[in-house]
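Single-structure report; data block below.
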Amino acid sequence: MEPGKLIVFEGVDGTGKSTQIGLLKQYLEKLGKKVVTSFEPTRGEWGMRVRAAAASGQRLSVQEEVECLLRDRREHVERLILPALAEGQWALLDRYYPSMMAYQGATGEDVSEIRRRNEEFAPAPDLAFWLDIPVQEALRRVQSRGQGRDAFEQADFLQAVARIYGAMDMPWWRRIPADGEVQETQALIRREIDACL
Ligand code: TYD
């Protein structure tokens, strides 16, 4: 059996992560791969706690966010990610621990310490795509979807998030310019995927 692969999509909201994940899933399934898609924070107890706080505009303290999100990720790794990889599936994730490096990092936590704590239990991705568009453009897209801004979506904060994404240099990290056509972005992603088939 071929080994499974862990593919992660990152970027601020409004960059088109879910569209690109859907298109990549179709592509991989045509190639005969088994694909599972998922996202973080999950809809489990710990993930919902963080989502509810952000939606109400009142964030938890950054330490509480880190602890809840680590618990959420630990469950996700044990229940979904590791079993999928063990069965030779491709797991496509909308956010994973680079989100914690960027978002909780932008709130003042030490980015390398966050990475270290995650890598104690979370397998590193085979590839992570950072869908990069200007923050102002991402905010326009989110607003035109009619979604309000939650506490994670203020412009200054997102600029800090984008700066941390921009400074990441893990061997599996790929910047994908994502302000063009959907299919152009997908072509850039497939080129990277083809190289790891
Ligand atoms: P998001 O992808 O916006 O979920 P949805 O669009 O389905 O509501 O995720 C919610 C927020 O969680 C997002 O703004 C980033 C934040 N987040 C963190 O701050 N740290 C993390 O480790 C993760 C996974 C997400």
Side-chain angles (χ1 to χ4, degrees), residues 6-22 25 37-81 91-125 128-133 135-166 168 170 173 178:
L6 181 55
I7 310 294
V8 171
F9 287 76
E10 290 285 347
V12 299
D13 286 339
T15 50
K17 295 191 296 297
S18 50
T19 304
Q20 295 299 334
I21 287 174
K25 180 173 194 277
T37 63
S38 190
F39 55 85
E40 291 188 359
T42 74
R43 299 215 171 272
E45 178 191 347
W46 298 104
M48 287 312 286
R49 212 177 272 197
V50 176
R51 285 177 181 280
S56 75
Q58 289 190 316
R59 289 180 60 175
L60 305 170
S61 76
V62 65
Q63 290 82 11
E64 286 172 319
E65 273 175 5
V66 166
E67 296 313 317
C68 285
L69 289 163
L70 283 173
R71 284 188 186 159
D72 184 53
R73 184 161 302 121
R74 213 178 270 276
E75 287 186 356
H76 200 204
V77 165
E78 284 169 10
R79 294 180 189 173
L80 184 137
I81 297 172
L92 311 184
L93 301 188
D94 187 338
R95 300 192 181 282
Y96 192 45
Y97 67 83
S99 277
M100 183 180 269
M101 294 164 66
Y103 282 74
Q104 279 64 47
T107 316
E109 292 295 284
D110 184 87
V111 175
S112 25
E113 175 66 9
I114 294 176
R115 180 178 173 193
R116 190 192 61 72
R117 287 191 69 187
N118 278 277
E119 289 180 347
E120 281 175 358
F121 68 90
F129 298 113
W130 169 37
L131 303 187
D132 181 23
I133 68 173
V135 164
Q136 290 306 333
E137 172 63 18
L139 284 170
R140 262 198 300 281
R141 292 192 195 178
V142 170
Q143 276 166 341
S144 70
R145 288 201 298 235
Q147 291 172 295
R149 295 184 190 189
D150 71 19
F152 285 110
E153 290 166 10
Q154 306 300 326
D156 291 350
F157 178 67
L158 291 183
Q159 298 287 3
V161 167
R163 268 197 300 280
I164 299 176
Y165 277 136
M168 288 188 184
M170 296 78 83
W173 188 248

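Residue numbers count from 1 along this sequence. One-based numbering, in listed order, for ligands and for the atoms of each.
In Arg73, the part holding a heavy atom less than 4.0 Å from any atom of ligand 1 is the side chain. At a heavy-atom cutoff of 4.0 Å, ligand 1 is contacted by the side chain of Arg51 but not by its backbone.
Every ring pair (Phe, Tyr, Trp, His ring centres under 6.0 Å) that Phe9 has, sequence neighbours left out, goes to Phe129.
Taking a cutoff of 4.0 Å between a charged side-chain nitrogen and a carboxylate oxygen, Arg71 and Glu75 do not qualify as a salt bridge. Salt-bridge formation is detected for the pair Arg49/Glu45: a Lys NZ or Arg NE/NH1/NH2 atom is positioned less than 4.0 Å from an Asp or Glu carboxylate oxygen. With respect to the salt-bridge test (charged N to carboxylate O, under 4.0 angstrom), the residues Glu120 and Arg116 qualify.
Put simply, the side chain of Phe39 does not reach to within 4.5 Å of the side chain of Ile21, judged on heavy atoms.
Against a heavy-atom cut-off of under 4.0 Å, Glu40 is close to the following atoms of ligand 1: 24 (C).
Evaluated by nearest non-hydrogen atom to atom 1 (P) of ligand 1, the leading choice among Arg95, Gln104, Arg145, Met101 is Arg95. Nearest-heavy-atom check against atom 6 (O) of ligand 1 across Val62, Asp13, Val12 picks out Asp13. Closest to atom 25 (C) of ligand 1 by heavy atom, among Gly47, Pro41, Gly105, Ala106, is Pro41.
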